[in-house]
Every structure is written in C-alpha cells, then in structure tokens.
Amino acid sequence: MANATLSINDREYSFPVLVGTESEVGIDIGMLRKSTGAITLDPGYGNTGSCTSAITFIDGEKGILRYRGYPIEELAAKASFVEVMYLLVYGVLPTKEQLADFGYRLTQHTLLHEDMKKFYEGFPPSAQPMSVLSTMVASLSTYYSNTEEDTDLNIVRLLAKLKTIAAFSYKKSIGQPFIYPRNDLEFVEDFLHMMFAVPSEPYEVPSAIHEALDMLLILHADHEQNCSTSTVRMVGSSGADLYSAISSGVSALSGPLHGGANMAVIQMLEAIRLDGANYAKYVAKAKDKKDPFRLMGFGHRVYKNFDPRARLIKQACDRVLMQLNRTDPLLDIAKELEQVALKDDYFISRGLYPNLDFYSGIVYRAMGLPTSMFTVLFALGRLPGWIAHWKEMRDTGGRLHRPRQLYTGELIRAYAPAD
Ligand code: ACO
C-alpha cells in the first residue's frame with residue numbers, strides 16, 4: 001500500500017493512500033489528529049471524502065456518471081425508473097420476477113393514513129411544496145415502527161408514498177380534491193394520474209409525458225455525496241430513522257444552489273424574456289462580482305466540462321416539445337443564453353456549463369407541471385439514491401458524522417454584564 005507523507009514543524013507523518021475501483025486516490029487521514037494534533041480545513045468539503053461508497057461513480061472532468069457501474073446514458077435509454085430504484089437500493093438490476101414483485105409491493109403501500117390528510121388542511125395555501133414534503137415525510141415516522149426488522153418495509157413504504165404525498169400537496173395548492181393512487185397503473189403513470197386527474201372525468205396519461213418523466217426521474221436518481229445525500233447520511237449517522245433522515249434530505253435539496261435551482265432557472269429565463277431577451281446584460285451581471293446574480297442552472301461542484309444529464313435533458317426537451325406540438329419561448333432563450341455563456345471566457349475559464357437544472361424546468365413546463373412542483377419532482381427522483389446511501393451507511397457500520405472546526409473566536413474572558 002502506498003503512503004502519503006505530511007510534514008508539520010519538521011516532523012514527518014505517514015498516512016495510507018487508498019485507491020478506489022476507478023483508480024481515484026484518497027489519503028486516509030483517520031489518524032491525523034491523534035498523531036499530529038492537527039485537523040484538515042476544507043470548507044464546503046470540496047476535497048474531503050466522507051465515506052467509501054459502491055453506489056455511484058462520477059468523473060467530473062470526463063462527464064461520466066454511472067449507477068452501480070451502469071452508464072447513465074444506457075439507463076436513461078433502456079431502463080424504467082422502477083428498475084433504477086431497485087438497482088440503487090439493492091445493488092443489482094432486478095430479474096423479471098424481482099421487478100414484478102417489487103412493482104407489486106410498491107402498489108401495496110401507496111396510501112397515506114387517512115389522518116395524515118388532515119395535516120394538509122393545516123398548511124396555508126401559500127405553503128412551499130418542499131416544506132410540505134419534508135414535514136409529511138418526517139411525520140411518517142410517527143405512524144410506522146422503526147425496528148431493524150421493518151427496515152425493508154419502511155424503504156418500500158417511503159418509495160411508494162412519496163409520490164402520493166407530492167401529488168396531494170399539488171392538489172391542495174390548487175384547491176382540488178385528492179386523487180387516490182391506482183394499483184393498476186405503473187409507478188410514474190400513477191403519479192401523473194394523481195396529479196392531473198379530476199374526479200368527474202376519465203384521465204389517460206399521455207405516453208410522451210409518461211416516458212419523459214420516467215427518464216427525468218432516472219437522471220435525478222443519484223449523484224453520490226451531494227449536499228442533500230450528505231445530509232441524509234449525516235442525520236442517519238446519529239441512528240435517526242429513515243423518515244427523519246430523508247426529511248432532512250428534502251430540506252437540503254430545497255435551496256436554490258441545489259435542487260431549488262430548477263425553479264430559479266425558470267424565474268431567471270422569464271425575467272430575461274420580459275427584459276427583451278437581453279442576454280448580454282444578464283451574462284454581464286453574472287460576471288460582476290459586486291452583483292449577487294448568478295446564471296442559475298450553470299456551474300457544478302463536480303462537473304467542469306459538461307454535465308452528462310444536461311445533455312440528455314436538452315435532447316428530451318426538444319423531443320417532448322415536438323411530440324406535444326408545443327413551443328416555449330423560454331427554450332429559445334435558454335439555448336441562446338447557453339451559446340453566449342459558452343463562448344465567454346469567464347465561464348470557460350471557470351468550467352461553468354449548464355447543469356441538470358438548466359433544461360429540466362422547460363421539460364416540466366411542457367408537461368404541464370407547475371414551477372412550484374419542480375423541486376418536488378427532483379426529490380421524487382432522488383429518493384432511491386438517498387435511501388441507497390442511508391442503507392449503505394447502516395450496512396457498512398458508518399461512524400457518527402461529527403466534523404471538527406478551527407475556532408476563531410474570543411480567548412477566555414471573565415463574565416461581566418454589558419453596560
Ligand atoms: N454564474 C456566475 N458565476 C458562477 C456561477 C454561476 N452560475 N457558478 C459559479 N460561478 C463562479 C463563482 O463566482 C466563482 O468565481 P471566482 O472563482 O471568480 O470567485 C467560480 O465560478 C467558482 O464558483 P464556486 O461558487 O466556488 O463553485 P462551487 O463549486 O462552490 O459552486 C454551484 C457550485 C453552487 C453549483 C455554483 O456553480 C452555482 O451557484 N450555480 C448556480 C446554481 C445552480 O445551478 N445550482 C444547481 C447545481 S446542480 C444541483 O445541485 C442539482
């Protein structure tokens with residue numbers, strides 16, 4: 001095994017170097033504080049591996065993303081979201097029988113306890129859907145036992161119920177009655193049915209929308225140690241139950257620098273449209289360090305050349321608009337803006353490219369999904385990834401997550417009340 005040497009105040013310390021299956025190199029500093037008294041400082045964790053994981057591989061420089069070894073492009077083209085859920089959570093692609101059994105189990109847990117419907121009555125009409133989602137997920141832990149034996153059942157319950165919770169929150173926001181889940185429908189189809197059906201009319205889910213959403217959910221399903229997944233692992237590391245850990249992940253995802261960016265992109269494109277599509281002005285604002293404005297949907301902590309998911313979503317965007325015979329002025333603005341930014345040295349030199357969120361909102365709009373639900377859809381897609389990480393952390397006996405800090409406050413001083 002190779003070693004890395006660190007020199008502090010003329011003393012040398014040696015640390016093991018670990019190599020992942022894709023040849024990524026990590027220095028194991030587990031003994032750093034014990035042997036040197038020092039810690040590492042890495043705000044934002046850009047250089048810190050918090051765990052080893054066998055779920056998802058990303059090579060940000062090459063634009064590679066694989067779930068359990070399978071390239072995202074292949075999964076997006078050939079798999080269903082239910083298959084990908086199984087793959088992420090259980091580590092292998094399901095056989096036909098396993099898939100049928102898993103699909104059946106998912107249909108058996110879609111209902112919410114009737115009492116939970118009363119929670120929706122308590123939320124104000126202006127409630128943020130992500131806050132509702134997080135609250136409702138956390139409240140599931142008050143209904144179900146969290147014993148070790150129930151772990152798998154709780155995983156299936158949560159996978160099955162999140163779409164009901166999400167669809168009910170949408171119905172509540174537009175003042176329509178809840179539409180109950182239907183066991184004869186496929187997973188994504190059932191979600192769209194709960195979102196768009198009304199009691200008085202038959203509703204058939206358009207196949208173009210069903211297929212596109214299935215693929216979008218696959219593209220969102222996991223992304224290794226991102227902000228929300230790390231949050232799930234962090235909360236789960238204390239031994240908190242699945243529902244509490246996932247509820248925290250939902251909250252972390254809601255922020256505009258993470259999953260909330262898909263809504264922020266649409267707001268930004270709309271503002272640009274209303275401003276006469278003045279791309280140059282917004283690119284200049286994004287480059288101006290005194291202006292807090294950023295090009296939403298641009299840039300990524302890991303991808304520095306391109307985001308493979310953004311490429312797939314851009315293609316889906318054109319396809320869905322064509323299939324549904326729709327146009328969207330925001331798509332033209334997005335494409336123009338992308339071209340302007342991609343030729344600009346500011347964005348090139350910093351490796352800023354469209355990310356997953358840049359085009360996803362336009363596809364959702366084409367499907368008739370409201371902007372307020374975009375981040376909820378992200379959460380629906382990301383759920384199997386969060387669960388897979390929570391499960392892996394428990395199965396591999398992870399330690400309590402507890403980072404250190406460098407204290408920069410006052411030295412000890414005597415208590416004296418302020419005047
Ligand atoms: N517009 C303008 N400038 C940007 C942008 C942007 N969207 N993103 C990064 N930069 C600049 C920064 O100002 C910084 O410039 P500097 O070196 O001159 O100081 C440099 O690029 C590096 O940016 P950081 O913020 O240090 O990069 P970090 O890896 O911390 O941030 C992030 C990544 C949060 C995604 C950032 O690119 C961003 O804010 N993008 C817009 C929000 C967004 O689209 N988020 C979704 C991310 S994908 C996801 O979570 C699903």
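For ligands, and for the atoms within them, numbers begin at 1 and follow the listed sequence. All residue numbers refer to positions in the sequence shown, counting from 1.
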Closest approach of any protein heavy atom to atom 39 (O) of ligand 1, naming residue and atom
R294 NH1, 2.7 Å
Check whether the side chains of S134 and S251 place a donor and an acceptor atom closer than 3.5 Å, and report yes or no.
yes
If only side-chain N and O atoms count, and only distance matters, is there a donor-acceptor pair under 3.5 Å linking D275 with Y282?
yes
Between D291 and K285, does any NZ, NE, NH1 or NH2 come within less than 4.0 Å of an OD or OE carboxylate oxygen?
yes
Please verify whether a non-hydrogen atom of H223 lies at under 4.0 Å from ligand 1.
no
Any N/O of G297 closer than 3.5 Å to an N/O of ligand 1?
yes
Below the 3.5 angstrom mark, is there an N/O of H258, backbone or side chain, next to an N/O of ligand 1?
yes
Under 4.0 Å, heavy-atom basis, I'd like to know which part of N355 is in contact with ligand 1: side chain, backbone, both or neither.
side chain
Which segment of F378 sits under 4.0 Å of ligand 1 when only heavy atoms are counted:
side chain
For atom 10 (N) of ligand 1, the protein heavy atom that lies nearest, with its residue and separation
L352 CD1, 3.6 Å
Atom 20 (C) of ligand 1: which protein heavy atom is closest, and how many Å away?
R350 CD, 3.8 Å
Any side-chain donor paired with an acceptor under 3.5 Å for S53 and E224?
no
On a heavy-atom basis, the closest approach of L383 and L158 is CD2-O, 3.6 Å
Proximity to ligand 1 by part of N226, non-hydrogen separation under 4.0 Å:
neither
Within 4.0 Å of atom 27 (O) of ligand 1 (strictly less), any protein heavy atom?
no
Nitrogen or oxygen atoms of G259 and ligand 1 under 3.5 Å apart:
no
H300 ring center within less than 6.0 Å of F306 ring center
no
Of all heavy-atom pairs linking A334 and F358, the shortest is O-CE2, 3.5 Å
Counting only nitrogen or oxygen atoms and a 3.5 angstrom limit, does D357 reach ligand 1?
no
Determine whether any heavy atom of G44 lies closer than 4.0 Å to an atom of ligand 1.
no
Strictly by modelled atom types, are N47 and D42 linked by a side-chain donor-acceptor pair under 3.5 Å?
yes
Minimum-distance protein heavy atom relative to atom 3 (N) of ligand 1:
Y346 OH, 2.9 Å
Contact partition for K287 relative to ligand 1, non-hydrogen atoms under 4.0 Å:
neither
Is the positively charged end of R350 above the ring of Y346, judged by distance under 6.0 angstrom from the centroid and angle within 45° of the axis?
yes
Answer with yes or no whether the side chains of S228 and H258 bring together a donor and an acceptor at under 3.5 Å.
yes
Give yes or no for whether the N/O distance cutoff of 3.5 Å, strictly under, is met between L295 and ligand 1.
yes
Show which atoms of ligand 1 fall inside a sub-4.0 Å distance from at least one heavy-atom site of R301.
28 (P), 29 (O), 30 (O), 33 (C)
Would you please say whether a donor-acceptor pair under 3.5 Å links the side chains of N154 and T151?
no
Ligand 1 and F298, any nitrogen or oxygen pair closer than 3.5 angstrom?
yes
